[in-house]
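Chain letters run A, B, ... following the sequence lines, proteins first, then strands; residues in each count from 1.
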Number of protein chains: 4
Amino acid sequence: MCPKITESHRHDLRQRLIDIALTSFSKYGYDKTRMEDIATTADVAKGTLYLYFKNKEDLFTAISERNIEKLKNHFITIFNNKEELISGLETFYKQFKNPDNKVFFEIVAESSRNSKLRQLLYEHRKKIIEMIIKYVDLQKSKGFLKKDLQSKTIAYILVAQYDGLRINRILGMNDEENNRVWIELIKKLFY
Amino acid sequence: MCPKITESHRHDLRQRLIDIALTSFSKYGYDKTRMEDIATTADVAKGTLYLYFKNKEDLFTAISERNIEKLKNHFITIFNNKEELISGLETFYKQFKNPDNKVFFEIVAESSRNSKLRQLLYEHRKKIIEMIIKYVDLQKSKGFLKKDLQSKTIAYILVAQYDGLRINRILGMNDEENNRVWIELIKKLFY
Amino acid sequence: MCPKITESHRHDLRQRLIDIALTSFSKYGYDKTRMEDIATTADVAKGTLYLYFKNKEDLFTAISERNIEKLKNHFITIFNNKEELISGLETFYKQFKNPDNKVFFEIVAESSRNSKLRQLLYEHRKKIIEMIIKYVDLQKSKGFLKKDLQSKTIAYILVAQYDGLRINRILGMNDEENNRVWIELIKKLFY
Amino acid sequence: MCPKITESHRHDLRQRLIDIALTSFSKYGYDKTRMEDIATTADVAKGTLYLYFKNKEDLFTAISERNIEKLKNHFITIFNNKEELISGLETFYKQFKNPDNKVFFEIVAESSRNSKLRQLLYEHRKKIIEMIIKYVDLQKSKGFLKKDLQSKTIAYILVAQYDGLRINRILGMNDEENNRVWIELIKKLFY
DNA sequence: GATGAATGAGAATTCATTCAT
DNA sequence: CATGAATGAATTCTCATTCAT
């Protein structure tokens, strides 16, 4: 009678399962995370998990999609809809605190073997880069930014730098320093 | 004499086992790599592995050490013993072809949970950074390089950028582009 | 009126479910047949199956009953209502094509462990034999058949032979040959 | 140093596992037999089972081979090396007592879905029939048997009858009667 | 030292069955 | 009555690790 509720409930539970699984995968890694634990944490039965995800790998793929989506959104909040860049950089620092950080490198590692996942990451990365290019072009046209580097080069550098600094953070390197370096690089590239 | 030979043999076999394991871990990832496969490939018995490594995790640690060591050496070849920087950058491109790339991100992911491993990576990264700082300082003092950025900042940027571009490569992004970006960044930072 | 329709509908659906299940059990065997598949094929919900059958075993019993019933009917068409035996043998050949063949041996195997099922098969077999005895006696009394073998012996032989030839068919042995042998045996026993 | 012992030990254990599994499969059927139970009964670990058989199905195949082999041997003892047929028939009765009987119909049922198994049964059946043909031809040539039926027809009838009577036995029909019918049929065909 | 057969804890996955709607 | 989402017991199979030879 009310399929919408059911449909929305399905969607909500699926999201919840992904979130819980993401936490688990971040904390313990892919192998050490047991399907049972995810189920228990989510307060559903083991079998229920399999109503929403074909198998563990499928769940990991769902997590990856979410994680990559989040990353893209993060870049959007930094580079989109902003006149003033530097002020947006605090957001960057927040992302650093995110546990998603950890699982991301697991996703990268897995991507080297899983072409579907690799494709997914590739596409998103392309989109992020395009978005940054567009942003930089806009700022350049307004005369706010230097024009000595191609926009594309800048975009590549920023994305790569971002990932590299995330590794720093995982290794416990000083976050203030990471943040400072990020800002310095941006200044160097833009002004 | 005999003991010496045995000792050296021990060391050689250990290295060989690490190399073989590294290949396997890169190809299949940590859990999908079976101890038996490594043993078979190395033409030793399963039990023999345990004469050289306490357990699978210990073997992974050994691989990590080797991988990190290699990375450090790679940076050394680029930044050390060189008057001319740009010419050393071709080496960078070669490293991109290395399968070690893949296992590195598995190591990073694992580091987020394993403090010993994290410590190891942390120390090596520090050393790499120190080495780059030293190099940059030297070049600056000779008047070869600009002085607008702190050497430390430059070092951080380079290391992070390097890692980020490795991710690009894993995802199948155009290597020429990666290489070009790397060189552009270096020029921007240094000249 | 309404209840009657419902009652008849209940009966029809039950029969349909048995038929569908029979097909599945024949194709995939008892355990590889999933309740869900039967439900899906029948276009009813899983839960509905349990309104008609207590559980999977109960469904199997129902199938067995039907299968055994069919077998009995098959023998009836051959041996009952017939003056002329040989002409009835074509029917035998047709039965050979029946997929029920396959499930029958699953039923026999299960019978060796399930006394209720065994009892069922036993009773039906007895009835078939009695029917054949009656038929043979009738034909003997009319002078149409030889009297050198007891009717009971003949009945036993025919039933056993029939089952044995069904195995031949399952194994892919030549059907013409199976049919020929069946006819030769009958001639030998009767004329 | 003494590979023969090891080899023979391997072979012995394999046989033992097959025998134990055969008993289990006969008692409980394919699905209800748990790998763990077989292992426990054999006093080995679960994993050991998988050193000898790839999986449950492979174990079932091994059992089938053994079972079919035994059946062939049984026919050999009846029809081979014998001048006097009737005296060999007692052996037939003994086979009736064999628990292998039960698993045989499970094998037949499975054969209807598994072509490799079907092929196996088919080949053995062919061999049994050929053997009987050879025997009957020999006896005919000596003038001991009637010649009104083709040897091939006789062989087919005997094999099918044998299987049919095994079903009788499983269903709990009187063994004396089964045995009597078997002997009567033989007399009818041969003398 | 080296071996590899044996172990058994451990995990993923399935599916008959239930029951709230 | 019918449904089908949720359950969780049950089972197969894997693989790191041990240890007798």
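Taking 4.5 Å as the limit, some side-chain heavy atom of C:L121 sits within range of a side-chain heavy atom of C:F104.
Mapping heavy-atom proximity under 4.0 Å, the span of DNA chain F touched by chain B runs 5' to 3' from F:dC15 to F:dT18.
Nearer to the 5' terminus of DNA chain F, by closest-nucleotide assignment, is the contact made by D:Y30 (compared with the other of D:Y30 and B:K32). Heavy-atom distances to DNA chain F give each of C:L13 and B:E57 a nearest nucleotide, and the one nearer the 5′ end belongs to C:L13. Nearest-nucleotide positions on DNA chain E place A:E36 closer to the 5' end than the other of A:E36 and C:E36.
A perpendicular orientation is assigned to the rings of D:F60 and D:F25, their planes being inclined by more than 60° (bins at 30° and 60°).
Within the 3.5 Å criterion, the main-chain N or O of B:V44 finds no donor-acceptor partner in the side chain of B:T48. B:S26 places no side-chain N or O within 3.5 Å of a backbone atom of B:K102 that could act as its donor or acceptor partner. Of the possible donor and acceptor atoms, none in the side chain of B:R118 sits under 3.5 Å from a partner among the backbone N and O of A:L171. In this structure a side-chain-to-backbone donor-acceptor pair under 3.5 Å is present from C:T23 to C:D19. Although no hydrogens or angles enter the test, the distance criterion places no donor-acceptor pair under 3.5 Å between the side chain of A:S64 and the main chain of A:I107.
For the pair C:F60 CZ and E:dA16 C1', the interatomic distance rounds to 16 Å; values are reported in whole Å. One can place NZ of C:K56 at 15 Å from P of E:dT14, the figure rounded to the nearest angstrom. We find that CG of C:L59 is positioned 15 Å from C1' of E:dC15, with the value rounded to whole Å. With rounding to whole Å, A:Y28 atom OH is found 17 Å from E:dA11 atom C1'.
Secondary-structure stems of DNA chain E, taken as three or more successive Watson-Crick or G-U wobble pairs (i with j, i+1 with j-1) under a 3.5 Å distance threshold, comprise E:2-21 with F:2-21.
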(message) Please determine whether salt bridge (charged side-chain N to carboxylate O under 4.0 Å, His left out) holds for the pair A:D37 and A:R34, giving the CA-CA distance in whole Å, both sets of side-chain angles, and the decisive distance to 0.1 Å.
(response) CA-CA 5 Å; A:D37 289 342; A:R34 287 154 63 245; 2.7 Å; yes

(request) For side-chain contact (heavy atoms from CB on, under 4.5 Å), just list the numbers for A:K56 and A:L49, CA-CA rounded to whole Å, side-chain angles, deciding distance to a tenth of an Å, and then say yes or no. (result) CA-CA 9 Å; A:K56 196 178 181 182; A:L49 234 44; over 6 Å; no

(request) Could you give me the CA-CA distance, side-chain angles and deciding distance for A:L59 and A:Y30, then say whether side-chain contact (heavy atoms from CB on, under 4.5 Å) is met? (result) CA-CA 10 Å; A:L59 175 55; A:Y30 182 84; over 6 Å; no

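Residues from residues 39-55 of chain A placing a heavy atom under 4.0 Å of any atom in DNA chain E, listed by number, are A:K46, A:Y50, A:N55.
Under a 4.0 Å N-O distance rule, the pair B:R113/A:E106 qualifies as a salt bridge.
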